[in-house]
Participant: 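Sharing a structure here in structure tokens format.
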Number of protein chains: 2
Amino acid sequence: MSDLTLPIASFSPLYEQIKAMILASLQASEWLPGDAIPSEMELAARYAVSQGTVRKAIDELAAQNLLVRRQGKGTFVATHQEDDWQYRFLRLAPDSGEKFHLTNQFLSCEKTKASAYVANLLKLKAGDPIIHIDRVQSFAGKPIVFEEIFLPGVRFKGLDLEALHAWHGPVYAFYEGHYATHMVRAEEKIKAVAADEVLSKHLHLKEGAPLLSVERVAFTYGNKPVEIRHARYDTLEQHYENKLN
Amino acid sequence: MSDLTLPIASFSPLYEQIKAMILASLQASEWLPGDAIPSEMELAARYAVSQGTVRKAIDELAAQNLLVRRQGKGTFVATHQEDDWQYRFLRLAPDSGEKFHLTNQFLSCEKTKASAYVANLLKLKAGDPIIHIDRVQSFAGKPIVFEEIFLPGVRFKGLDLEALHAWHGPVYAFYEGHYATHMVRAEEKIKAVAADEVLSKHLHLKEGAPLLSVERVAFTYGNKPVEIRHARYDTLEQHYENKLN
DNA sequence: CAGTGGTCTAGACCACTTC
DNA sequence: AAGTGGTCTAGACCACTGC
């Protein structure tokens, strides 16, 4: 506390710099989701370092789920289009433990203007163009999830209900394919709330029934927030699962 | 699917074996939480491998939060007694973003027998001895958390209200100090529920008010479940926070 | 200054995938 | 057989801590 000299970037190891360069290539779409990046030996030559140093950089990016290593094949840019990654961010699971396939129904997709609240989370200005999507997801015929999605209108220009209806698969795969936007990580804030009139109608519940409110902000490369998702889960026969380490 | 030959331990790298040996030492309490383990060079000599191989083993254990590296000082066994780790498993945070200090009040601590449900989660038999603790936690004078804790009676022999009242600090630090039990990881299942009579009384709410139900199973070394904790959070002015990668 | 963890290298070799 | 990621080594040197 007595020493106010800030050691800003006092020392930056080589592999950190290489990590930053790989990250820059990802952010610049030099390598696209699903693509293989150059081999470790090639990268070592390109950056004039040893294989071990490149490995350490890739190791950390793989640990953050930005890259995926496949022995004998290569190192690939992570994508939500792979089967195992389709539900990477979904933490809802049935109490019974059986497998879980949600059917999806988009209700609306409208162009509006950002409220102060949404603008703040997406790092926009209040009044900036926004796309607002409503959807319901069902399991075994019962509606379980009501979700509102907010997207920045500039990045997702032209998105409409027709395009969504034509798509069959996870929304994050849709973003990758149509808007070159890969979601890297997300933050969620969870509360218990009472169902209001709208929610009770969509989820076939009584007004006042307890629901899980999950508000997510999802980020692309460079910590850029590009989606807000406010979900309400009916947790009567399913739960939100979390692991603490 | 056509090939049923199971490649069980078909190949196990050296560092995995060393990881297992370090893990065994931790599990056997050869090194206690807070202690420094031998230096990388010493371990390399002990196991007759190079420093790099020991490093890789330690790296992975540190990534799982079992060990903590401190440059220039050594490598230490993780502990819940360190300031930064006191609330390692607490995901509740105030909406306002201010810092959060919960005051703790233990209500009861009774010896009972395990229900089939609790026994199953703790890998005991129904009817085995169990310790059942109730507590309330408050923030700024308002009761916010009601928690039931279930512990195996054998491991936590002699635990009573008096001992709990005498303790000031996180419960997991108490377990470490008094019962040589360090919590390594936990799994939580979250639901939204309505406050019943008991809950509404403890948390000063109306019956039927929505609450977050968080059921946690906590594990020591060797994936051994040793605590069940069923919490109910009032999420009116606070939320459960989660990061998805 | 000695001891600790942290970085980096060059080279050898292993395991896995593909052709 | 060639190419990829994965393991392991021996040795040099750097950064940080504490005596």
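Residue numbers start from 1 in every chain, and the chains themselves are labelled A, B, ... in the order their sequence lines are given, proteins ahead of strands.
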Participant: What's the CD-P distance between Glu42(B) and dG3(C), to the nearest Å?
Facilitator: 11 Å

Participant: Can a donor-acceptor pair be found, under 3.5 Å and without considering hydrogens, that links the side chain of Asn65(A) to the backbone of Asn245(B)?
Facilitator: yes

Participant: Do any N or O atoms from the side chain of Tyr172(A) and from the backbone of Trp85(A) form a donor-acceptor pair under 3.5 angstrom?
Facilitator: no

Participant: If the sugar-phosphate is the primed atoms plus P, OP1 and OP2 and the base is the rest, what is the B/S/- string for nucleotides 6-14 of chain D, using protein heavy atoms under 4.0 Å?
Facilitator: BBSB-----

Participant: Starting at atom CD1 of Ile58(B), determine the distance to atom C1' of dG5(C), rounded to an integer number of angstrom.
Facilitator: 9 Å

Participant: Which residues in residues 21-32 of chain A have a heavy atom closer than 4.0 Å to any atom of DNA chain D?
Facilitator: none

Participant: Does Asp95(A) come within less than 4.0 Å of Lys189(B), counting only side-chain N to carboxylate O?
Facilitator: no

Participant: I'd like to know if the side chain of Tyr179(A) reaches the main chain of Lys157(A), judged simply by a donor and an acceptor atom lying under 3.5 Å from each other, with no hydrogens or angles considered.
Facilitator: yes

Participant: Measure centre to centre between the rings of Phe156(B) and Tyr175(B), then say whether the value is under 6.0 Å.
Facilitator: yes

Participant: Among Glu188(B), His230(B), Glu227(B), whose side chain to side chain donor-acceptor pair (under 3.5 Å) with Arg216(B) holds?
Facilitator: Glu188(B)

Participant: Could you tell me whether a side-chain N or O of Trp167(A) sits under 3.5 Å from a main-chain N or O of Pro170(A), the two making a donor and an acceptor?
Facilitator: yes

Participant: Take Arg229(B) and Glu148(B) through the test salt bridge (charged side-chain N to carboxylate O under 4.0 Å, His left out) and record every step on the way to the result.
Facilitator: CA-CA 6 Å; Arg229(B) 202 180 267 218; Glu148(B) 297 178 273; over 6 Å; no

Participant: To the nearest Å, how far apart are Leu67(B) CG and dG5(C) C1'?
Facilitator: 13 Å

Participant: Please state whether the phosphate of dG18(D), meaning OP1 or OP2, lies under 4.0 angstrom from any side-chain nitrogen or oxygen of Lys73(B).
Facilitator: yes

